[in-house]
Amino acid sequence: MPELPEVEVTRMGVGPMLQGQKIHQINIYHKQLRWPIKDELKSLAGLTIKSVSRRAKYLIVQIEQSYVLLHLGMSGKLCVVDKSIAKQKHDHFEIVLTTGQALRLNDPRRFGAVLMFDEKSELDLWLAKLGPEPLSGDFNQQQLYKWTQKRQVAIKNCIMDNKVVVGVGNIYATESLFKSAIHPQTPANKLTQAQCAKLVDEIKLVLARAIKQGGTTLKDFAKADGKPGYFAQELLVYGRSGEKCKSCGSIIETMVIGQRASAYCPSCQPRL
DNA sequence: CACACAACCTGCGAGC
DNA sequence: TGCTCGCAGGTTGTGT
């Protein structure tokens with residue numbers, strides 16, 4: 001599910017409900033996620049949530065001196081509900097507040113993660129390997145061109161690489177390459193400076209637009225209020241294999257690139 | 001360092 | 001109706 005827009009939409013929904021609240025209790029219902037959830041997390045009961053921020057696809061909950069990192073994997077959802085609401089199937093982790101509300105992580109495929117760091121330095125170490133935020137100035141034409149020059153892999157793999165830029169998953173990589181008129185299999189080092197500039201612009205535009213629309217709901221994703229996001233209606237190529245290109249009418253094709261299905265318009269995104 | 005690929009899971013739709 | 005198969009939004013670890 002969640003690429004950067006979905007995580008950001010989740011942060012906007014959940015953050016205000018958590019910030020400044022005191023933790024009553026932490027419940028771990030199924031600790032086996034991407035990595036085991038540490039029992040140590042329960043020691044955060046009684047402490048106050050200072051802030052909820054985001055880096056890449058991670059949500060960062062600051063709880064006094066400690067930090068809890070949440071990742072939604074492929075199928076994770078977060079919601080804030082009254083603690084009297086019955087636990088749902090695949091609810092694995094919960095932070096209960098003294099207000100009687102609870103933040104719940106539901107993740108059928110369990111590719112998500114809940115990590116805890118005792119100090120900021122440990123958190124920073126974990127985040128240090130990540131590339132620039134796509135919506136920040138650190139992600140720009142020069143930076144992307146520098147990366148593409150030293151890589152021969154398909155450009156789609158390149159922009160989905162967290163060291164190059166974070167938060168761009170299969171949906172938004174597919175869409176931004178279409179909007180940039182670049183074939184997804186183009187070797188990264190064959191892109192011109194102008195194409196890099198265009199691609200950077202389109203990635204920023206498509207992510208910002210998706211956030212505005214509440215993210216992309218394919219099936220699992222829901223905002224903190226349980227409602228879906230509406231960006232799926234604006235997808236131009238992702239998931240449209242065999243359908244007509246909305247720009248030129250050609251039939252959208254699909255190929256596998258880096259183990260991921262990649263839709264593209266053979267006419268709008270010609271091979272080099 | 002760059003790259004390819006398997007692995008971690010459950011659910012769902014298609015086809016038989 | 002029910003089975004098997006293939007596929008799905010992500011990331012890490014291993015091997016070449």
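Protein chains get the first letters and strands the later ones, always in sequence-line order, with residue 1 at the start of each. Keep in mind that what you see is a predicted model, and the values were worked out from it rather than measured.
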Going by heavy atoms closer than 4.0 Å, what residues in residues 256-264 of chain A are next to DNA chain C?
A/R260, A/A261
For B/dA6 and C/dG6, measure between their P atoms and round to the nearest Å.
14 Å
Could you work out the separation of C/dG13 and B/dT10 based on their C1' atoms and round it to a whole Å?
22 Å
Whole-Å gap separating P (C/dT12) and CG (A/D161)
10 Å
So, applying side chain to side chain contact (heavy atoms under 4.5 Å, CB included) with A/Q141, which one of A/Q193, A/Q195, A/K146 is it?
A/Q193
Using a heavy-atom cut-off of 4.0 Å across all strands, would you classify A/Q152 as base, sugar-phosphate, or nothing?
sugar-phosphate
How long is the line joining NZ of A/K77 and C1' of C/dG9, in whole Å?
12 Å
d(CZ, A/R240; C1', C/dA8) in whole Å
19 Å
Under 4.0 Å: is that the gap between some side-chain N or O of A/H71 and OP1 or OP2 of C/dG10?
no
Tell me whether A/E133 is salt-bridged to A/R55, with the criterion being a basic N under 4.0 Å from an acidic carboxylate O.
yes
Tell me: CG of A/N170 to P of C/dC7, nearest whole Å?
14 Å
With a 4.0 Å cut-off on heavy atoms, is A/Y172 in touch with a base, just the backbone sugar-phosphate, or nothing at all?
nothing
How would you label the contact of A/K129 with the nucleic acid (heavy atoms, under 4.0 Å): base, sugar-phosphate, or nothing?
sugar-phosphate
Can you tell which of A/W126, A/F93, A/F111, A/Y58 makes a ring-ring contact (aromatic ring centres under 6.0 Å, His included) with A/H71?
A/Y58
What nucleic acid atoms does A/F231 come within less than 4.0 Å of, heavy atoms only: base, sugar-phosphate, or nothing?
nothing
To the side chain of A/K57, which of C/dT11, C/dA8, B/dC9 is closest?
C/dT11
Would you indicate whether A/K246, at its atom NZ, is surrounded by more than 12 heavy atoms from other residues, nucleotides or ligands within a distance under 6.0 Å?
yes
What's A/W35 touching, base or sugar-phosphate or nothing? Going by heavy atoms closer than 4.0 Å.
sugar-phosphate
Using a cut-off of 4.0 Å on non-hydrogen atoms, how would the nucleic acid contact of A/R151 be classed: base, sugar-phosphate, or nothing?
sugar-phosphate
Closest of C/dT11, B/dC9, B/dC3 to the A/V153 side chain is B/dC3
Is A/F111 stacked on the base of B/dC8 when the test is centres under 5.5 angstrom and planes under 30 degrees?
yes
For B/dT10 and A/K89 - does any side-chain N or O of the residue sit under 4.0 Å from the phosphate oxygens OP1/OP2?
no
From the options A/V7, A/T10, A/L103, select the one residue that forms a side chain to side chain contact (heavy atoms under 4.5 Å, CB included) with A/L70.
A/L103
Just compare B/dG11, C/dA8, C/dT11 and give me whichever is closest to any side-chain atom of A/R34.
C/dT11
A/E40 atom CD: more than 12 heavy-atom contacts under 6.0 Å
yes
How close or far is atom C1' of C/dG10 from atom CG of A/D107, stated in whole angstroms?
11 Å
For A/Q32, does its backbone N or O pair with a side-chain atom of A/R110 as donor and acceptor, under 3.5 Å?
yes
Within less than 4.0 Å of OP1 or OP2 of B/dG11, is there a side-chain N or O belonging to A/H90?
yes
Quick one: A/K156 NZ to B/dA4 C1', roughly how many Å, whole number?
15 Å
C/dC3 to B/dC9 separation - P atoms, rounded to the nearest Å
24 Å
Give the rounded distance in Å between these two atoms: CD1 of A/I37 and P of B/dC9.
14 Å
The single option from A/M255, A/E253, A/H183, A/R271 passing side chain to side chain contact (heavy atoms under 4.5 Å, CB included) against A/P266:
A/E253
Separation of C/dT11 C1' from A/L72 CG (nearest whole Å):
13 Å
So, is A/R109 close to the C/dG10 phosphate, meaning a side-chain N or O under 4.0 Å from OP1 or OP2?
no
Can a salt bridge be assigned to the pair A/E202 and A/K198 using a cut-off of 4.0 Å between side-chain N and carboxylate O?
yes
